[in-house]
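Structure first, commentary second.
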Amino acid sequence: MKYEVVIGLETHVELSTKSKIFCACGGHSEADQPNDCVCPACCGMPGMLPVTNRHAVELAVRAGIMLNCRINQYATFDKKSYYYPDLPCAYQITQWFHPICTEGYVDVPTKHGVSRIGIKQIHMEEDAGKLVHDDWADVTYVDFNRTSVPLIEIVSKPDFRSAEEVLGYLEKLKAMLRFGGISECEEGAMRCDVNISIRPEGSTELGVRSEIKNMSSLTAIERAIKYEVARHIDAVERNTETLVQETRRWDDMKNRTFAMRNKETAADYRYFPDPNLMPVVVDDEWLKEIRDNMPATIEQKTAEYASMGLSGQDIASLVSERRLCDLFDAVVASGRRPADTAAWILTDCAGILRRGGKVIGELDIAPEALSYIIGMVDEGKINRGVGKKVLGAVIEKGVSPEQYVKEQALDAKVDESLILDTVKTVLTENAKAVSDYLGGKEKALQSLFGSCMKVLRGKGDPAAIREILVREIEKLK
Amino acid sequence: MNYFVTEIDRAGTVAVDDTILVKGCEAKAGSHILDGFVPLFSSDAVERLVKAGFTLRGKTHTGEFGLDIAGETSYHGVCKKADGTLSTAAAEAVAAGAVKQALCVDVNGAPRRGAALSGVDFLKPTYGTVSRYGIIPTACSGEQVGVCAANAEDVEEALSVIAGHDGKDGTSLPAEKYEYAADKDVAGMKIALVKELYDAADEGVRAAIDAFRAKLEKAGATVEVIPVTDVKAYATAWQIMLSAETCNNISRYDGVKFGYRAPVYKDIDELYVNSRTEGMGFTAKMNVLFGSDVLSKNRYMSCYDKSLRLRRLASEKMKEIFAGFDAVLCPAMSALSVPAYDLAETFERTERELLFTTIPNLTGIPAMVTGGVQLWAAAFGESTLLSIAATAERMAD
Ligand SMILES: [Zn+2]
């Protein structure tokens, strides 16, 4: 018999806010010690009250708009109770009764065309902390750095029919959320619960469902889905086991799923509205403000860059990272030519980063600095080679380009007398080449020019050097 | 019996209930489970008082998390009146002149009962006017810091300092400051006397109400008996919400982070169970059980959700009453005194007393106890309450 696989996904994504969702703690991802980024509120001390981070709400709404959702202008925060040492209050604040976004979809490209995946809802919640077990001392430590970091949980409808669709969806989601400035989607920061069941092809009833909890790697998700599908088919066809609705855990080492202890899954979370948090009311004005400030989508940027005449490859490279687009846009806005700017970013900057073992996504340069360097080169104040040298210093040492050029005396204008002195010296020291040139051997000029450049070590505008060289040599006629 | 679980400054004039945090001062909230918990910050109300020049005398004993009749369930010591009957430490400290004012958290009416039992004043202001930042939470949707003092003027003096917007409390109302005055003319005021509550109190309480009513009428007010037929349902609704929210809020005391930890445990489950079993008193446990039950999947709609709807009904009922009356008069509790009793009955006994005190917690309206009776006003009607109290206080019995 042929079976159809039915999969639904719950995807947790960390929002890119400066501070946590209900307190002012910020920068948990940079904290290098456990419990560096905590306050009495996110440690669960009595007396502290949660205050909603407005920016987190805006990012959740932005995600809803990108995923074609209905934005619920009245949403609530609700408490979900359970005991676990990484949850300091023994409750998690989430949205159970009235989530912020509902009823959306996302189109996922696959080998067989586009699959439209329905989004049931997006809700906001706070993350839990982390437990660190010291096997040697047999002690478990609690780290609350991650506690109360804002998350959105994107709940899909059971619309996936293959692992390929699941991976395509997650990759698209990741690209959209990163590009939309909603989430950095860093390694492990996107976590999925995968709901999976099978049914005979053509049937409309859903089979017994198992839920694989807390998956973060795409390859593991793919393997887990394949394993579960095989397990379900075996159970149905060969009676290897009786399927029950349950929560399972993927074991990457053993390459299989395991049922979790019943105790971990049979909890009654005793949800109720959090009386400390007023309902979130996204009024028309606020919603308009969020819509007006929506960053361009990958598709919109692609079209925009194509109309500027950028190559397909350059466009693809730029839109792979929101920050590259932001850099590119700012530099072009300052008056630099688009194709040239793209080359500076994607060839020169990328090359410098590669030299340091980094990738282009890690590029960190102020648009003003890059624009200044390109401008110097365009105006002939420095040559392109020197421009690259300055760029390298800016990227690697974080210096300011103006200061670097001045300190290294790279500015041709300042050193016209230096060029003249150099030319004169070169002419005196290379009598043979001079006489060759004066005797009609044009090529000798190139050798003299090369000598000047070598002495000047790349300083000065090549056109100006050549001009002075020709002028001086002509005088010797 | 000492009123104070922790002394701060013998020259201080303000007492603070142990459910309200003072930075660096161990807060026990009448419970063993908070042992050793020293807060890193002060409550907003305390901050304001200190900034305004008030000095703190000490932390007053409260019942465990303030969930009993009048402080009798404290793990750290129970304050009793000279005749051995119950009253709260805060009200007794005020009555004895040990302090001029006391801050108390009113979530189930205990500070109002204390004031009635000790013959002093207590005012629970409108929900959202005093920040709840820095109070050990039980039922966040109805708890409010109020002021206990010997007379209306002294209540007003502290209340006007502690009320005002606080960005650290998401339920804090926007007004920066509230002007209170006890100078309204009682003559011409219309006062409603709630029949069901009057009938539910004992003879002594009814006599006190009658005497207060006579004073009001003498001052030129008219008093009319009105029915509020659903008072029992409202009290049940508040008991449900109170237990549910309390259960949720005190879940954080688990022996992991701070407070009491059981000395013996095998694993995390035993750490939780043993710490909470040994650290919590009977009344707290009753609230955990009752609160868990009403929030469970099968009960949520028939209990908690229904309570939320009753809260709306009660608010509408109050609006209707205050459209025609300036204030409501009713007993603060069922009797004039409470003899010591078997603490296994605390949950049920307190639940019975909720009948008299629930509506202000449930709907957020201000309530005041003065001269052994209770007064309610519409939201932001504190000045009306203070004026009635001050007028009655000026009149000889
Ligand atoms: Zn924090």
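We name chains A, B, ... by the order of the sequence lines, and we start the count at 1 in each one. In this text the structure is predicted, and so the values were computed from the model without any measurement. Heavy-atom basis, side chains included; hydrogens, waters and symmetry copies ignored.
Residue A/Tyr84 qualifies as open at atom OH: its count of foreign heavy atoms under 6.0 Å is 12 or below. Heavy atoms from other residues, nucleotides or ligands lying under 6.0 Å from CZ of B/Phe37 number more than 12. The environment of A/Trp286 atom CH2 is dense: over 12 non-hydrogen atoms of other residues, nucleotides or ligands sit within 6.0 angstrom. Heavy-atom neighbours of A/Arg249 CZ from other residues, nucleotides or ligands within 6.0 Å: above the threshold of 12.
Minimum heavy-atom separation, B/Gly170 to A/Met278: O-CG, 3.6 Å. Across every non-hydrogen atom of A/Gly44 and B/Phe258, the tightest pair is O-CZ, 3.8 Å. Among all heavy-atom pairs drawn from A/Asp268 and B/Lys297, the shortest one is OD2-N, 2.8 Å. When every heavy atom of B/Tyr300 is checked against every heavy atom of A/Pro273, the shortest pair comes out as OH-CD, 3.3 Å. In terms of heavy atoms, A/Val51 sits closest to B/Gly167 at CG2-O, 3.6 Å. A/Pro275 approaches B/Tyr127 most closely through the heavy-atom pair O-OH, 4.4 Å.
Ranked by heavy-atom pairs under 4.5 Å with chain A, the list B/Asn298, B/Val256, B/Asp305, B/Asp169 is led by B/Asp169. Each of B/Lys168, B/Met241, B/Arg299 has some count of heavy-atom pairs under 4.5 Å with chain A, and the biggest count is that of B/Lys168. In terms of heavy-atom pairs under 4.5 Å with chain A, the best-connected choice from B/Ser296, B/Pro39, B/Ala29 is B/Ser296. The most heavy-atom pairs under 4.5 Å with chain B, out of A/Pro88, A/Ala90, A/Cys23, A/Pro50, come from A/Pro88. Taking chain A as the reference chain and counting heavy-atom pairs below 4.5 Å, the highest number among B/Ala139, B/Ser131, B/Gly142, B/Gly134 is found for B/Gly134.
Residue contact with chain A, scored on non-hydrogen atoms closer than 4.5 Å, is absent for B/Ile20. Interface residue B/Tyr304: only side-chain heavy atoms are found under 4.5 Å from chain A. Residue A/Phe22 does not touch chain B at all, counting heavy-atom pairs closer than 4.5 Å. For A/Cys43, the part lying near chain B is the backbone, with the side chain staying farther off; criterion is any non-hydrogen pair under 4.5 Å. With a 4.5 angstrom heavy-atom cutoff, B/Ser43 does not touch chain A via any of its atoms. Residue contact with chain B, scored on non-hydrogen atoms closer than 4.5 Å, is absent for A/Tyr82. Using a 4.5 Å cut-off between heavy atoms, B/Ser292 contacts chain A through both its backbone and its side chain. Contacts between B/Ile135 and chain A at a heavy-atom distance below 4.5 Å involve the backbone alone (N, CA, C, O).
In this structure, the side chains of A/Lys79 and B/Asn249 come closer than 4.5 Å at one or more pairs of heavy atoms. For the pair A/Tyr91/B/Ser251, no side-chain contact is recorded, criterion being any heavy-atom separation below 4.5 Å from C-beta on.
Rounded to the nearest 0.5 Å, atoms OG (B/Ser172) and CG (A/Leu49) are 10.0 Å apart. For the atom pair A/Leu277 CG and B/Thr171 OG1, the distance stands at 9.0 Å (nearest 0.5 Å). In this structure, SG in B/Cys303 is found 14.0 Å from CZ in A/Phe272, a value given to the nearest 0.5 Å.
In this model, a donor atom of one side chain and an acceptor atom of the other lie less than 3.5 Å apart for A/Tyr83 and B/Arg276. Side-chain contact check for B/Asn248 and A/Ser81: at least one donor-acceptor pair (N or O, by modelled atom type) lies under 3.5 Å.
Residue pairs satisfying the salt bridge (Lys or Arg N to Asp or Glu O under 4.0 Å) criterion with at least one member in residues 249-266 of chain B, sequence neighbours excluded, are listed as follows: B/Asp254-B/Lys257, B/Lys266-B/Glu270.
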TODO: Show the numbers, then the answer: is there a side-chain contact (heavy atoms from CB on, under 4.5 Å) between B/Leu295 and A/Tyr269?
DONE: CA-CA 9 Å; B/Leu295 284 176; A/Tyr269 292 119; over 6 Å; no
